[in-house]
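Quick notes on the structure that follows.
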Amino acid sequence: MILDGKKIAADIRAEIREEVAALVADGKRAPKLAVVIVGNNPASETYVNNKMKACAEVGIEAVKIAYPTEISEQTLLNEVSRLNNDPSIDGFIVQLPLPDHIHESAILSAIDYRKDVDGLTPANVGRTVQGLPSIVSATPRGIRELLARYQIQTEGKHVVVIGRSNIVGKPVALLLMQRPYLSLPGMSAASLGDATVTVCHSKTQDLKAICRTADIIIVAAGSPKLLTADMVKEGATVIDVGINRVDGHLVGDVDFENVAPKAAYITPVPGGVGPMTIVSLLQNTLQAYNEYSR
Ligand code: NAP
């Protein structure tokens with residue numbers, strides 16, 4: 001069965017639109033997101049524009065704050081501080097990557113975790129590790145939501161994650177091994193967690209043997225057709241996070257054509273994890289508004 005991220009994301013957008021409309025009808029202000037972009041990287045421009053559009057569609061206010069590449073680290077830190085203290089802003093993101101002269105970690109660390117709707121600050125990641133309420137980064141949140149909406153249980157299951165990045169591999173591993181009481185606000189009761197998680201990376205030995213023992217495989221490596229049919233157990237669930245451009249086409253990290261017949265559930269690329277990632281930012285903004293807005 002195909003896990004239709006596009007459809008689920010549309011369902012969630014409709015739910016958010018309804019919730020925001022109800023807030024406004026109740027005389028409250030709409031949630032507001034700020035997006036800081038530095039320089040003119042075309043890919044970043046596209047991501048930011050998509051995020052702005054997604055906000056507009058659900059009634060979340062969004063403001064874009066653009067700075068030239070030459071901006072100093074201090075000026076950007078000042079902007080972060082201003083946004084941290086602006087009560088009209090519920091959440092903000094600083095679009096990555098940043099120019100080389102700016103230390104990404106210095107900027108991320110300066111963001112108030114209550115407004116960190118990308119869920120990338122050390123404070124939010126640490127809070128997740130310790131089981132405190134936190135905002136979870138978009139792609140892991142989207143993956144978890146997709147599993148939940150299809151009622152795919154993770155309790156006691158062996159989940160293999162390929163990739164150990166800070167934005168996907170590590171946080172998704174963390175989420176799925178959590179005790180379920182840490183489920184995200186708004187998640188269905190069939191909450192996820194309690195999995196036995198193995199995290200693999202480029203130095204892992206015998207990836208195939210490890211993957212063959214997996215009930216759920218999450219691939220976030222950025223390597224086309226890395227996961228082949230001989231690595232997948234019959235009836236496994238396969239989540240393909242990869243986005244690669246091959247011969248002008250968008251492909252994932254999974255050899256979809258040959259893996260799909262063996263998998264009980266599988267995400268396509270495009271139309272699987274990608275749409276869930278964008279909608280997670282909207283959910284995170286609403287979460288920041290509902291839980292932390294001052
Ligand atoms: P990243 O920072 O590039 O890290 C890739 C990870 O995969 C690394 O941990 C690397 O191991 C591991 N890896 C690479 N090749 C491998 C191999 N042959 N065998 C085992 N492990 C391997 O990745 P990322 O930022 O998480 O992104 C991963 C992919 O997901 C990319 O294609 C990206 O475009 C896509 N992505 C999609 C979304 C979405 O919304 N769908 C969101 C974010 C990212 P080492 O640590 O040892 O180098």
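Heavy atoms only: backbone and side chains are in, while hydrogens, waters and symmetry mates are out. Order of appearance sets the numbers: ligands from 1, and atoms from 1 within every ligand.
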Val279 with Tyr47, same ILVMFWY side-chain cluster at under 4.5 Å: no
Gly169 touching ligand 1 at heavy-atom level, < 4.0 angstrom: no
Shortest protein heavy-atom distance from atom 34 (O) of ligand 1, along with the residue and atom involved: Ile243 O, 3.6 Å
Criterion side chain to side chain donor-acceptor pair (under 3.5 Å) on His158 and Thr213, from CA distance to verdict: CA-CA 7 Å; His158 183 206; Thr213 68; 3.1 Å; yes
Interfacing atoms of ligand 1 (cut-off 4.0 Å, heavy-atom, Val241): 30 (O), 35 (C), 36 (N), 37 (C), 38 (C), 41 (N)
Thr139 to ligand 1, any heavy atom closer than 4.0 Å: yes
Salt-bridge present (Asp116, Arg127; N to O < 4.0 Å): no
Straight-line distance of Leu98 CG to Leu96 CG, nearest 0.5 Å: 5.5 Å
Value rounded to 0.5 Å, distance of CD1 in Ile65 from CZ in Arg82: 5.0 Å
Under-4.0 Å heavy-atom contact between protein and atom 3 (O) of ligand 1: no
Numbering as shown, the atoms of ligand 1 that approach Ile167 to under 4.0 Å (heavy-atom distance): 25 (O), 43 (C)
Closest to atom 14 (C) of ligand 1 (judged by heavy-atom distance), picking from Ala221, Ser137, Ala220: Ala221
Heavy-atom donor-acceptor pair, His101 side chain to Ile71 backbone, under 3.5 Å: yes
ILVMFWY network linking Ile239 to Leu226, side-chain heavy atoms under 4.5 angstrom: no
4.0 Å heavy-atom contact, Gly274 with ligand 1: yes
Atoms of ligand 1, numbered as shown, that sit under 4.0 Å from any heavy atom of Gly222: 28 (C), 29 (C), 31 (C), 32 (O)
Protein heavy atom at shortest distance from atom 48 (O) of ligand 1: Ser202 OG, 3.7 Å
Salt-bridge contact Glu19-Arg13 (side-chain N to carboxylate O under 4.0 Å): no
Shortest protein contact, atom 12 (C) of ligand 1 (heavy atom only): Gly163 CA, 4.0 Å
Winner among Val273, Val168, Leu226 once heavy atoms are compared against atom 43 (C) of ligand 1: Val168
Stepwise side chain to side chain donor-acceptor pair (under 3.5 Å) check, Asn41 with Glu45: CA-CA 6 Å; Asn41 174 334; Glu45 295 268 1; over 6 Å; no
The one among Arg164, Lys203, Arg245, His201 that brings a heavy atom closest to atom 9 (O) of ligand 1: Arg164
For Ile162, atoms of ligand 1 separated by under 4.0 Å from a heavy atom: 20 (C), 21 (N)
Heavy-atom nearest neighbour in the protein, as seen from atom 26 (O) of ligand 1, with distance rounded to 0.1 Å: Ser165 OG, 2.5 Å
Atom 40 (O) of ligand 1: nearest protein contact (heavy atom, Å): Thr277 OG1, 2.8 Å
Where Val160 and Cys200 come nearest, the two heavy atoms and their spacing: CG1-SG, 3.9 Å
